[in-house]
Amino acid sequence: MLEDYPRTIIEFERRFSTEKACRDYLVQLRWPDGFLCPRCGASGGWLATRGRLVCHACRHQSSVTAGTIFQDTHKPLSLWFRAIWHVTSQKSGASAANVQQVLGLGSYATAWTWLHKLRRAMVRPDRDLLCGRVEVDETFISGEEPRGKARKRCTKALVIIAAEENGKGIGRIRMAQIPDRSRRSLHDFIGRTIEPGSKIHTDGCVAYNGLETLGYQHDASVLLGRQKDAATRLLPRVHRVASLAKRWLMGTHQGAVANDYLDYYLDEFTFRFNRRTSKSRGKLFYRLLQQAVQIAPVPHKEMIQAAGTKNTDHYILWSVESIA
Ligand SMILES: [Zn+2]
């Protein structure tokens with residue numbers, strides 16, 4: 001299927017004004033080569049009323065939203081499409097409060113949940129591996145509850161960043177929270193995000209040793225002395241990414257990101273960063289929807305439980321400091 005997406009908001013409004021138009025678009029994205037029955041795997045079927053798809057072979061009835069992040073939604077798809085357009089058409093994205101306001105959603109919780117569902121569709125872990133020469137380093141993102149709370153709670157997240165070297169510039173990136181700086185954690189991240197055969201550029205930290213056994217070339221630059229900013233000069237790309245990510249967290253989200261959700265925000269940052277040179281914002285809309293119909297749904301309850309807190313408004317002010 002050719003990449004088919006609206007280029008402007010006018011095109012968007014014209015095209016996705018009805019539920020049927022939105023559903024048809026999702027069908028195209030989910031089954032570019034034709035409908036496949038989710039139960040028996042047979043190809044071919046027909047469209048029944050209210051958007052139901054009926055399998056040719058076993059007569060099983062499904063819908064294009066079943067098994068995707070849109071499953072069980074009580075809101076019209078056209079509203080979802082507007083939320084996705086709003087989030088992807090702006091360079092820095094949008095906060096839940098902003099999405100609630102712009103779409104006139106009754107509750108903040110709905111906007112918050114939608115954004116989290118979408119974030120889970122932003123980075124496909126098994127695809128888009130980085131390659132070529134790739135800088136890798138860790139950084140601390142530290143947070144503190146805002147002033148005015150009775151008890152201040154500090155928290156720190158160790159984040160690992162990989163950035164492709166593209167001449168003097170940065171190619172694509174990947175980032176993730178890791179539990180510690182052990183060899184296992186570092187190697188695991190590299191294995192998940194970078195293609196074997198690539199050249200990994202790190203500092204002299206011994207935990208990076210042994211990457212050759214995983215099929216990588218390894219270029220370790222040892223820092224001499226303890227000059228301030230040494231790591232920044234040695235691995236400038238990852239440190240540039242760290243400071244941009246911080247600015248984004250503080251700007252769009254005003255630092256209001258709970259620790260347990262940080263990974264999903266990092267995924268959103270990565271999604272935007274890796275498409276920052278896209279000529280059309282419509283392409284981000286297309287890509288996000290395409291990925292959204294290919295991942296399994298996460299129930300709201302589970303999303304809250306995963307965070308280990310019932311209070312979704314709990315927040316932390318983030319700042320990034322590098323570790324030399
Ligand atoms: Zn079937």
Side-chain angles (χ1 to χ4, degrees), residues 1-89 99 103-106 110-111 113-128 267 271 275 278 280-303:
M1 169 181 156
L2 283 169
E3 297 193 340
D4 162 29
Y5 50 84
R7 258 67 178 178
T8 64
I9 188 159
I10 305 287
E11 279 182 39
F12 170 84
E13 291 293 350
R14 253 188 222 138
R15 183 156 179 191
F16 299 116
S17 59
T18 67
E19 286 299 284
K20 184 179 180 308
C22 297
R23 248 188 336 246
D24 289 350
Y25 192 63
L26 290 185
V27 168
Q28 262 185 67
L29 291 176
R30 189 169 180 188
W31 297 292
D33 304 315
F35 172 70
L36 286 177
C37 174
R39 190 166 78 179
C40 75
S43 63
W46 68 85
L47 206 56
T49 52
R50 282 178 291 117
R52 284 167 307 140
L53 292 147
V54 185
C55 170
H56 202 70
C58 76
R59 301 284 193 266
H60 173 69
Q61 294 194 0
S62 60
S63 74
V64 68
T65 53
T68 76
I69 66 166
F70 306 113
Q71 180 173 304
D72 302 326
T73 185
H74 300 300
K75 300 272 197 234
L77 281 175
S78 55
L79 199 58
W80 272 97
F81 273 44
R82 267 154 191 78
I84 296 172
W85 180 267
H86 182 67
V87 166
T88 51
S89 63
V99 167
L103 296 184
L105 292 172
T110 303
T113 307
W114 282 18
L115 286 179
H116 271 283
K117 287 187 173 186
L118 292 174
R119 281 184 192 111
R120 287 170 194 240
M122 285 183 177
V123 173
R124 295 165 295 178
D126 49 336
R127 317 235 329 240
D128 307 329
D267 278 354
F271 175 79
R275 290 164 185 81
S278 260
S280 170
R281 307 306 292 176
K283 188 158 182 175
L284 275 75
F285 167 82
Y286 166 81
R287 198 61 77 198
L288 182 51
L289 264 181
Q290 189 183 43
Q291 291 169 200
V293 290
Q294 284 163 1
I295 64 157
V298 182
H300 180 69
K301 217 167 157 189
E302 203 175 295
M303 212 179 277

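No hydrogens, no waters, no symmetry mates; every other heavy atom, side chains included, goes into these values. Quick caveat, the model's predicted, so the values are computed rather than measured.
- Arg52 and Thr49 share a side-chain donor-acceptor pair at under 3.5 Å.
- Taking CG from Leu288 and NZ from Lys283, the interatomic distance works out to 14.0 Å, rounded to the nearest 0.5 Å.
- For the residue pair Glu19 and Ser78, a side-chain donor N or O sits within less than 3.5 Å of a side-chain acceptor on the partner.
- Distance check: Tyr25 OH to Phe81 CZ gives 7.5 Å after rounding to the nearest 0.5 Å.
- Taken to the nearest 0.5 Å, the OG1 atom of Thr8 stands 6.0 Å off from the CD1 atom of Ile10.
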Would you check, one step at a time, whether the test side-chain contact (heavy atoms from CB on, under 4.5 Å) holds for Lys75 with Thr110? CA-CA 10 Å; Lys75 300 272 197 234; Thr110 303; 4.2 Å; yes
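- The main-chain N or O of Ile9 is never found under 3.5 Å from a side-chain atom of Glu13 such that the two would form a donor-acceptor pair.
- The side-chain contact (heavy atoms from CB on, under 4.5 Å) test with Val99 is passed by exactly one of Leu115, Leu118, Ile84: Leu115.
- With a 6.0 Å radius and a threshold of 12 heavy atoms from other residues, nucleotides or ligands, His56 has its NE2 atom at or below the threshold.
- Across His86 and Ser89, no two heavy atoms sit closer than the pair O-OG, 3.5 Å.
- A 4.5 Å side-chain heavy-atom check between Ile69 and Trp114 finds every atom pair outside the cut-off.
- Under the 3.5 Å distance criterion, the side-chain polar atoms of Ser278 are left unmatched by any main-chain donor or acceptor of Arg281.
- Contact annotation: the side chain of Cys58 approaches that of Cys37 to within less than 4.5 Å [non-hydrogen atoms, C-beta and beyond].
- Gln28 places a side-chain heavy atom less than 4.5 Å from the side chain of Asp4.
- Counting heavy atoms of neighbouring residues, nucleotides and ligands inside a 6.0 Å radius, atom CZ of Arg7 exceeds 12 of them.
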For Gln61 and Leu53: C-alpha separation, side-chain torsions, deciding distance, then whether side-chain contact (heavy atoms from CB on, under 4.5 Å) applies. CA-CA 6 Å; Gln61 294 194 0; Leu53 292 147; over 6 Å; no
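- Distance check, rounded to the nearest 0.5 Å: CZ of Arg23 to CZ of Phe70 gives 13.0 Å.
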Could you give me the CA-CA distance, side-chain angles and deciding distance for Cys40 and Cys55, then say whether side-chain contact (heavy atoms from CB on, under 4.5 Å) is met? CA-CA 9 Å; Cys40 75; Cys55 170; 3.7 Å; yes
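- Between Phe285 and Tyr5, the distance separating the two ring centers is not shorter than 6.0 angstrom.
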Would you please test Lys20 and Cys22 for side-chain contact (heavy atoms from CB on, under 4.5 Å) and show each step? CA-CA 5 Å; Lys20 184 179 180 308; Cys22 297; over 6 Å; no
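- Side-chain contact between Phe16 and Pro6: present, with at least one pair of heavy atoms (C-beta onward) separated by less than 4.5 Å.
- Remark: the backbone N or O of Thr65 is paired with a side-chain donor or acceptor of Thr68 at under 3.5 angstrom.
- Considering all non-hydrogen atoms of both residues, Asp267 and Val123 come closest at O-CG2, 3.5 Å.
- Under the 6.0 Å distance and 45° angle rule, Arg15 does not count as a cation-pi partner of Phe12.
- Arg30 and Ser63 make their closest contact through NH1-O, 3.6 Å (heavy atoms, listed as atom of the first residue, atom of the second, distance).
- With rounding to the nearest 0.5 angstrom, the CE atom of Met122 is 9.0 Å from the CD atom of Gln291.
- Note that the CZ atom of Phe271 and the OG1 atom of Thr88 stand 7.0 Å from one another [nearest 0.5 Å].
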